[in-house]
2 protein chains.
Amino acid sequence: MSRSPTRVTDALRDEACPVTEVLDRVAGKWSIGILIAAAHGPVRFTELERPIRGISRRMLSLNLRRLERDGLLVRTVHPTVPPKVEYSLTPMARELHASLTGLVSWAERHRSAVAEARAAYDDAAKRDPGAG
Amino acid sequence: MSRSPTRVTDALRDEACPVTEVLDRVAGKWSIGILIAAAHGPVRFTELERPIRGISRRMLSLNLRRLERDGLLVRTVHPTVPPKVEYSLTPMARELHASLTGLVSWAERHRSAVAEARAAYDDAAKRDPGAG
DNA sequence: CTGAATCCTTCAGGATACTG
DNA sequence: CAGTATCCTGAAGGATTCAG
């Protein structure tokens, strides 16, 4: 996953794929999951932490900030005790969410197909290592 | 397996988590670019290397193999001299390509918006580091 | 409850050189 | 032309701890 800029390739990357920069906002391990989870409405920190299994508090926090910074999430703090913070998608992110669900549905439709392809590929390679 | 009636839980636990595995096939720095470039039709190695500026031969090779292994690309070797190898999308990948172009067009539409959001966010943080 | 700070590991990806 | 092999860096992410 691509992350932050690398030196030499920076200019080139910008030249070839202006989009990659923006696409990278969603390229992390958790971004898509967070956006999908947050799309259900104003959601609290712990309400995100629970369903997104496996995510650490740290990564949730970091991704939340980045998403907010990129104008994809809105963070609302309620000055109560204990503190209550809610996250929701911006209109821009809602558009993105539509495309994301497209991706997700594709992934669901082809989950097993991909698994089978990999198995077949590996098996073929094992039986015939020299082929190509 | 908490069965609490949260709005977020069902959707994400069943949707995003298993999906992430498949989505990760596309999550690399170059995968999307490669798929989009290869969508034009049968494309040779160097024909991919050129437009996808900044990609190293190594990464192109690695990603090509992974994409092939996952059943997204077909690799066709023509036994000629010099060697000629062509890559094209599988039907499954063509479906994916449709979703991908959706993502790309979103990214193009909102490229500047994201940049501005980031600038505003950073600026606000700079002037008022304690807020939140 | 909602984070921030710190330390440590893993691994994608870059540079470079070699090959059929 | 179309790759492979090796070495290395830097960023992502996990575990744990501290705090408002």
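Labels below follow one simple rule: chain letters A, B, ... track the order of the sequence lines, proteins then strands, and each chain is numbered from 1. Everything quoted here is computed from the prediction, not taken from an experiment.
Going from atom CG of A/L60 over to atom C1' of C/dA4 covers 13 Å, rounded to whole Å. One atom, CG of B/L64, and another, C1' of D/dA2, lie 10 Å apart when rounded to the nearest Å. We find that CH2 of B/W30 is positioned 8 Å from P of C/dG13, with the value rounded to whole Å. When rounded to the nearest whole Å, the span between CZ of A/F45 and C1' of C/dA4 equals 10 Å. Rounded to an integer number of Å, the gap from CD of A/E86 to P of C/dT2 is 9 Å. A straight line from CZ of B/R57 to C1' of D/dT6 spans 16 Å, rounded to a whole angstrom. In this structure, A/I52 atom CD1 and D/dG14 atom P are separated by 12 Å, rounded to whole Å. To the nearest angstrom, P of D/dT16 lies 16 Å from CE of A/M59.
With A/V26 as the fixed residue, the side-chain contact (heavy atoms from CB on, under 4.5 Å) test singles out one of A/L96, A/L67, A/L103: A/L96.
For the 3.5 Å distance criterion, the side chains of B/S105 and B/R109 qualify, holding a donor opposite an acceptor.
Comparing B/N63 and A/P82 by the nucleotide of DNA chain C whose heavy atom lies nearest to each, the residue mapping closer to the 5' end is A/P82. Heavy-atom distances to DNA chain D give each of A/R66 and A/P83 a nearest nucleotide, and the one nearer the 5′ end belongs to A/R66.
Applying the 4.0 Å criterion to OP1 and OP2 of C/dA4, one finds that A/S61 has a side-chain N or O inside that range. Side-chain nitrogen and oxygen atoms of B/R44 include at least one within less than 4.0 Å of the OP1 or OP2 phosphate oxygen of D/dA2. Between C/dT2 and A/T46, a contact under 4.0 Å exists linking OP1 or OP2 to a side-chain N or O. Within the structure, a side-chain polar atom (N or O) of A/R75 is placed less than 4.0 Å from OP1 or OP2 of C/dG3. At the phosphate of D/dG14, OP1 or OP2 sits under 4.0 Å from a side-chain N or O atom of A/K29. Listed pair B/R65 / D/dT4 meets the phosphate criterion, a side-chain N or O lying under 4.0 Å from OP1 or OP2.
Atoms CG and CH2, on A/N63 and A/W30 in that order, are 9.0 Å from each other to the nearest 0.5 Å.
No hydrogens or angles were tested; on distance alone, a donor-acceptor pair under 3.5 Å links the side chain of A/R58 to the base of D/dG13.
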